[in-house]
Amino acid sequence: MRADLLSDAVDGLDEALAAVDGFDEALVGGLLRPQPDQAGGLAALADAVAGSPLAARVAEAADKAAAGAAGEDHFVALAAARTALLGSVHDALTARVEEAVGRPRADGSTAPASGEEHAANLHAAARGWLCDLARAGWQGIDHELVAGAAPVVSAMLPVPALRRLATLLDGFAAELAACCPGATLERVPVRRWADLWSRALLLALPGAARTAAVGEATGRLLPLGVDVQEHATAVQAQVHAVFEPADGGTPRLVRASVSAPKPDTVVGAGLWQLLRPHMSLLAAIGEGHAMELDAMPVTAEGDLIWDDARARAGEPADIFTSARVALPTAAAFAVSPLDRHPARIAVPVLVEGYGVEEGDDGLVFQVAGCRLPVDTDRVPAAGPLTPDVVAASGACLGLLRWDAGQFLLQPLAVERTVRKKAVAVHAGAWAGGTTDKAGVRAEKAATDAVKVLRERAGKLLRK
């Protein structure tokens, strides 16, 4: 890997992000009665897309918003411009990563979406609420305004095709409600709330939430590692893998995800008990073998829609062998337009032969004379991989991400030398079960916690 390319400046990146930041700051105070500095942010956004097909609409929208007269169409145009700019940042960073790792380029397009339109009135209601938020601004939100999302979400949730948007609106409204009134906020999550607002507004447009075409994958799946994302009430495990088609086609980078609700008392290795019953792939990771897939559904973006009936255990497969042999030739799937955002960059890479530097800024790998920061905060507590183990490693298989203006490496597995032998330690080692003492203790504690909660729930239902 050419680590020097990851630290080189990307042309136009700072300017694009500055335009996004200017618009995001305009949303803080609201666009009902915008001030001159807000008008400057709106104008900068319009200037940034002046050479694109959006130019005329965004210029008009910026003028209307600066005058406090923006309507729904204008807010949609501004959200589209912001999303397009972040999409360009995503594409530039992804191209830089592909150049650095020397991997085949992703396909240039995704399959067209399909499906019927559902409940145009609910989409309109969602857009109306989001426009009211933009007018009020984050400093102008109150419980009455935020509560306007509740009836829309309640009406959307029973419709499977609308649950994606409903879940986004519900989570966004919950965050806003927890911060009401906005006038008392000491710190506003400016970028995050603008991300949620613009994404929700575009998903509420007719046709935006249609499901992408789904194909089938038949062949061998070589797991690389698992990324665990934990919340107080939910947990998700996302497996990154290389898929080798049975017909001898180009190997592809794919993902398979499983999520489950959880009580906040279940943490650490106990999380696997909640996820394990829903995906046999987790056992394959823990036991170290490949999976044979037979017509497994796969989206145009490379997400496997996991079905245990279409998978069976294959031959043993060491993840570092897979990373050294199969990963370099694997091509990524294209990313759909609405998902092109720098926060979504997560590219599997193998780094070897590095030096380790530990300081106040955290852990850093010295790769070919270049510094590559390591994001050990993302290492889950649900496995034997720890920051100390990462610091003692000589090879690291991880996800290359971009955050706070720089590339970071999120470790998924490392290889270190123990008694002159290479030993692999990976975050998903306990996914299929473990005999490790710490893992066994955590699993027992989780079992006891779930048992108590089920007993309490049973008593409540009997009353």
Side-chain angles (χ1 to χ4, degrees), residues 171 223-241 255-279 281-288 319-320 343 346 348-349 351 356 358-365 373-393 395-401 403-404 408-416 418 423-453:
L224 297 173
V226 57
D227 178 21
V228 180
Q229 301 164 10
E230 184 180 356
H231 186 270
T233 60
V235 61
Q236 181 187 63
Q238 185 175 66
V239 179
H240 291 262
R255 300 170 297 269
S257 301
V258 58
S259 58
K262 80 173 192 70
D264 56 9
T265 53
V266 177
V267 295
L271 299 174
W272 300 119
Q273 293 187 28
L274 306 176
L275 300 169
R276 217 174 274 144
H278 305 291
M279 182 185 279
L281 178 58
L282 296 179
I285 294 172
E287 297 166 4
I319 59 172
F320 278 94
V349 295
V351 183
V356 178
E358 296 184 79
D360 295 337
D361 296 334
L363 191 65
V364 175
F365 287 165
V374 182
D375 190 357
T376 54
D377 290 340
R378 287 181 178 264
V379 175
L385 189 63
T386 65
D388 289 341
V389 172
V390 175
S393 65
C396 180
L397 174 58
L399 298 177
L400 200 59
R401 295 186 178 274
D403 188 26
L408 304 168
L409 182 66
Q410 174 194 344
L412 296 180
V414 300
E415 209 173 49
R416 61 176 181 165
V418 178
V423 177
V425 182
H426 56 103
W430 298 346
T434 179
T435 57
D436 183 275
K437 292 181 179 179
V440 170
R441 285 196 300 269
E443 292 241 13
K444 184 179 184 304
T447 301
D448 294 342
V450 172
K451 182 178 179 181
V452 170
L453 289 169

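Position 1 is the first residue of the sequence, and the numbers go up from there.
Separation of atoms NE2 (H240) and CD1 (I285) is listed at 10.0 Å; rounding is to 0.5 Å. Note that CG of L399 is 8.0 Å distant from CD of Q238, once rounded to the nearest 0.5 Å. Note that CG of D388 and OG of S393 are 11.5 Å apart. Values are rounded to the nearest 0.5 Å. Going from atom CD of Q229 over to atom CD of Q236 covers 5.0 Å, rounded to the nearest 0.5 Å. Interatomic distance, CG of L400 versus CG of D375, reported as 11.5 Å (0.5 Å rounding). Here the straight-line distance linking atom OG of S259 with atom CD of E230 works out to 13.5 Å at 0.5 Å rounding.
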Walk me through whether V379 and L412 qualify under side chain to side chain contact (heavy atoms under 4.5 Å, CB included). CA-CA 7 Å; V379 175; L412 296 180; over 6 Å; no

Given V414 and V389, is the side chain to side chain contact (heavy atoms under 4.5 Å, CB included) satisfied, shown in steps? CA-CA 8 Å; V414 300; V389 172; 3.7 Å; yes

May I have the step-by-step check of salt bridge (Lys or Arg N to Asp or Glu O under 4.0 Å) for R378 and D403, ending in yes or no? CA-CA 12 Å; R378 287 181 178 264; D403 188 26; 5.5 Å; no

List the steps, then state whether side chain to side chain contact (heavy atoms under 4.5 Å, CB included) holds for H426 with L385. CA-CA 6 Å; H426 56 103; L385 189 63; 5.8 Å; no

I'd like to know whether L224 forms a side chain to side chain contact (heavy atoms under 4.5 Å, CB included) with I319, so could you lay out the CA-CA distance, the side-chain angles of the two residues, the decisive distance to 0.1 Å, and finally the verdict. CA-CA 5 Å; L224 297 173; I319 59 172; 5.6 Å; no

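The nearest pair of heavy atoms linking R401 to A346 is NH1-CB, 3.7 Å. When all heavy atoms of V226 and A237 are compared, the pair lying nearest together is CG2-CB, 3.8 Å. Between A241 and P223, the closest heavy-atom pair is CB-CA, 3.8 Å. For V390 against L363, the heavy-atom pair with the smallest separation is CG1-CD2, 3.6 Å. Heavy atoms only, all atoms of each residue included: E415 and F320 are closest at N-CZ, 3.6 Å. Pairing each heavy atom of A391 with each of V356, the nearest pair is O-CG2, 3.5 Å.
Between L409 and P373, the closest side-chain pair of non-hydrogen atoms is not below 4.5 Å. Looking at heavy atoms from C-beta onward, V239 lies out of side-chain contact with R255 at the 4.5 angstrom threshold.
Distance alone, capped at 3.5 Å, is enough to place a donor-acceptor pair between the W272 side chain and the A382 backbone.
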